[in-house]
Amino acid sequence: MRLYNTLTRAVEDVVPVEPGHVKMYACGPTVYRYAHLGNLRTYMLADLIRRALRLEGFTVTLVQNVTDVGHMTDESSPEAIDKMLLAVEDEGLQPLEIAEKYTRSVIEDAAALGIDEPDVSPKATEHIPEMIGLTKTLIDRGHAYVVDNGSVYYDVASFDGYGKLSGNTLDKLREGHRDLETDPRKHHPADFALWKAAGPGRLMKWPSPWGDGFPGWHIECSAMSMEFLGDRIDIHTGGTDLRFPHHEDEIAQSEGAVGHRVVSIWVHGGHLRQAGQKIAKSTGNVVRVQDLVDRGIDPLSFRWLCFQTQYRSEMDFSWAAMETADQRVKQLRRRMSEWAPAAEALGAEAADFDTRFRAALADDLSFPAAVRIVNELVSSPSVPGGVPGGEKYALLAAWDAVLGLDLQREAIGGWTPTAEMRALMNERDEARQAKDYATSDRIRDRLTSMGLEVMDTAGGTQVRPRD
RNA sequence: GGCGGGGUGGCCGAGUGGUUUAGGCAGGGGCCUGCAAAGCCCCGCACACCGGUUCGAUUCCGGUCCCCGCCUCCA
């Protein structure tokens, strides 16, 4: 298995520190609003890496945090508004109720998209002591300092490798600095909060050695990743926007605390755009799982849409492309039911397809190549010397462990026409045999109006639900 | 201003120093059919612009234009 490492800017082999067992950490959702498809694409990425690794025979442990601490709209301003607090005001709920509501919603949306749950989903609010502990360690090791109001800042100048992930090294940061108002107590403008003193009216706050306050944005990931996975983590994923400052700061924290490299491979997923702009709450162009459902699109079809684009690339979302993908997935399921049951063994041709599919996934998760292989398999001849239907079924069923498209749904689900439908089908066949086409066409219209697709086959009239 | 990533045929989107250079959808033609549908077969010869390297570049290098992300919360 090879993955592109943002840190080294190269595709690297995944070589877990513990042989055969890959430890993954994924930056997860902030739960004061609904997740949109862009967020979910990134969560899906972590799951796809896990699925592909498992197909390769690895054991995988995936930890994904739930950020239920509100962060500031603007870290540098004293008048900054807490986003969690905004949600609290808008919805008339308590912070924990807000968190619960949206946590549940994200879990549901992820499930609808076939994203398997992480092995562990720690909540930030339940690990405040670990964050305080890590902050103490950083102070002790000379990487952080306390200022007079009780906030604690990370001293970026104390960490040699600062900037290695994003390219934003300290000299570059100084050079290209935007005129931001920063806390004058900071030693360097790029210093960031590990712990923030609670201002008046702050709802979520905890006691600490430096007074009541709340954790900085980046510390939760350092603290929880190392708590659950140790200080040698094989893969860390997140959206490309987290590359700087979030992941850069996370590296400074984790490595500053333990004194050595913590994460081996950093994987960043590309953003979803719509009409050229990234999908975001602030842009006002969010698309949610519910929007897919409202349009009669199977949410799992969003997976197929995503598979066509390399995970690292930005992807433009359009309803036209989404509907095309949906049609294709539904078509695949229909073909599966035609090919059932699965063959017991694979012939040479089928085995070759299998090898190519697995190689595509192992090559930096090349889903576009995998999609092509699926398409080739589907349209390959089922004649002797080709791939018989039963083998196609067996292959696609196996690949579905990664694709997650529920391809066997129709074949297994066994949709069957009702007695009424069967009676009409018989009537139509009789009319057709008698060449009474006026009657047969009328019956076809009747079946069509029942939401069915009518097909003539060698065995007579067949119907299936129209998608 | 700094950092990072892009511009491919009607659309979505892979990929590659040349020789058969994806795939899907839409579109055109055909087979099949009583007619449709479904299925099958055939058809597009693209790579922002300008230079350079090369026998040869869409692919490598330089420049130009444009787009997107990050630098404030962000997947």
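Naming: A, B, ... by sequence-line order, numbering from 1 per chain. For clarity, every value in this text was computed on a predicted model and none was experimentally measured.
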| remark: Once base and sugar-phosphate atoms are separated, protein heavy atoms under 4.0 Å mark nucleotides 27-35 of chain B, 5' to 3', with B, S and - as -------BB
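- Here, B:rC3 and B:rG9 have their C1' atoms 34 Å apart, quoted to the whole Å.
- Taking the six-membered ring where tryptophan is involved, the planes of A:F317 and A:F302 are tilted, since the angle between them lies from 30° to 60°.
- A donor-acceptor pair is defined here as one N or O able to donate and one able to accept, closer than 3.5 Å; no such pair exists between the side chain of A:S105 and the backbone of A:Y34.
- The nucleotide B:rC45 finds no pairing partner, because no Watson-Crick or G-U wobble arrangement with both distances shorter than 3.5 Å includes it.
- Residue contacts for A:G238: at a heavy-atom cut-off of 4.0 Å it reaches the sugar-phosphate backbone alone, with no base atom in range.
- If you check every strand for non-hydrogen atoms under 4.0 Å, A:L272 touches a base.
- Of all nucleotides present, none satisfies the Watson-Crick or G-U wobble test against B:rU20 with each distance under 3.5 Å.
- Side-chain atoms of A:Q253 never come within 3.5 Å of backbone atoms of A:S222 as a donor-acceptor pair (strictly under, hydrogens ignored).
- Within the nucleic acid shown, A:G163 has no heavy atom closer than 4.0 Å to any nucleic acid atom.
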| With the sugar-phosphate defined as primed atoms, P, OP1 and OP2, and the base as all remaining atoms, what B/S/- string results for nucleotides 19-26 of chain B, 5' to 3', for protein heavy atoms under 4.0 Å? | ---BBSS-
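- A donor-acceptor pair is defined here as one N or O able to donate and one able to accept, closer than 3.5 Å; such a pair exists between the side chain of A:D234 and the backbone of A:K23.
- Only the P atoms considered, B:rG5 is 36 Å distant from B:rG44, to the nearest whole Å.
- Nucleotides B:rA46 and B:rU58 place their C1' atoms 9 Å apart, quoted to the nearest Å.
- Of the two residues near RNA chain B, A:E338 and A:R243, the one whose nearest nucleotide lies more 5' is A:R243.
- B:rC40 is paired with B:rG30 under the Watson-Crick or G-U wobble criterion, all donor-acceptor distances under 3.5 Å.
- Within the shown strands, nothing qualifies as a pairing partner of B:rU72 under the Watson-Crick or G-U definition with both distances less than 3.5 Å.
- Across the C1' atoms, B:rG28 and B:rC45 are found 16 Å apart, a figure rounded to whole Å.
- The nucleotide whose nearest atom lies closest to any side-chain atom of A:A321 is, among B:rC12, B:rC40, B:rG13, B:rC12.
- Nearest-nucleotide mapping onto RNA chain B: of A:E314 and A:S166, the residue sitting toward the 5' end is A:S166.
- Proximity of a side-chain donor or acceptor of A:S151 to a complementary backbone N or O of A:A197 within less than 3.5 Å is detected.
- In terms of modelled atom types and a separation under 3.5 Å, the side chain of A:N426 and the main chain of A:A423 share no donor-acceptor contact.
- Residue contacts shown for A:L45 are absent, as no nucleic acid heavy atom lies under 4.0 Å away.
- Between A:F228 and A:H127, the ring planes lie perpendicular to each other; the angle is over 60°, past the 30° to 60° tilted range.
- Across all strands, A:E323 comes closer than 4.0 Å to no nucleic acid atom at all (heavy-atom distances).
- Nucleotides B:rA37 and B:rG23 are separated by 25 Å at their C1' atoms, to the nearest Å.
- No contact: A:H268 has no heavy atom under 4.0 Å from any strand.
- The P atoms of B:rC25 and B:rG34 are separated by 27 Å, rounded to the nearest whole Å.
- A salt bridge links A:D364 to A:R312: one of the charged nitrogens lies within less than 4.0 Å of a carboxylate oxygen.
- Rounded to the nearest Å, the gap between the C1' atom of B:rU8 and that of B:rG24 is 16 Å.
- Going from the P atom of B:rG10 to that of B:rC70 covers 31 Å, rounded to whole Å.
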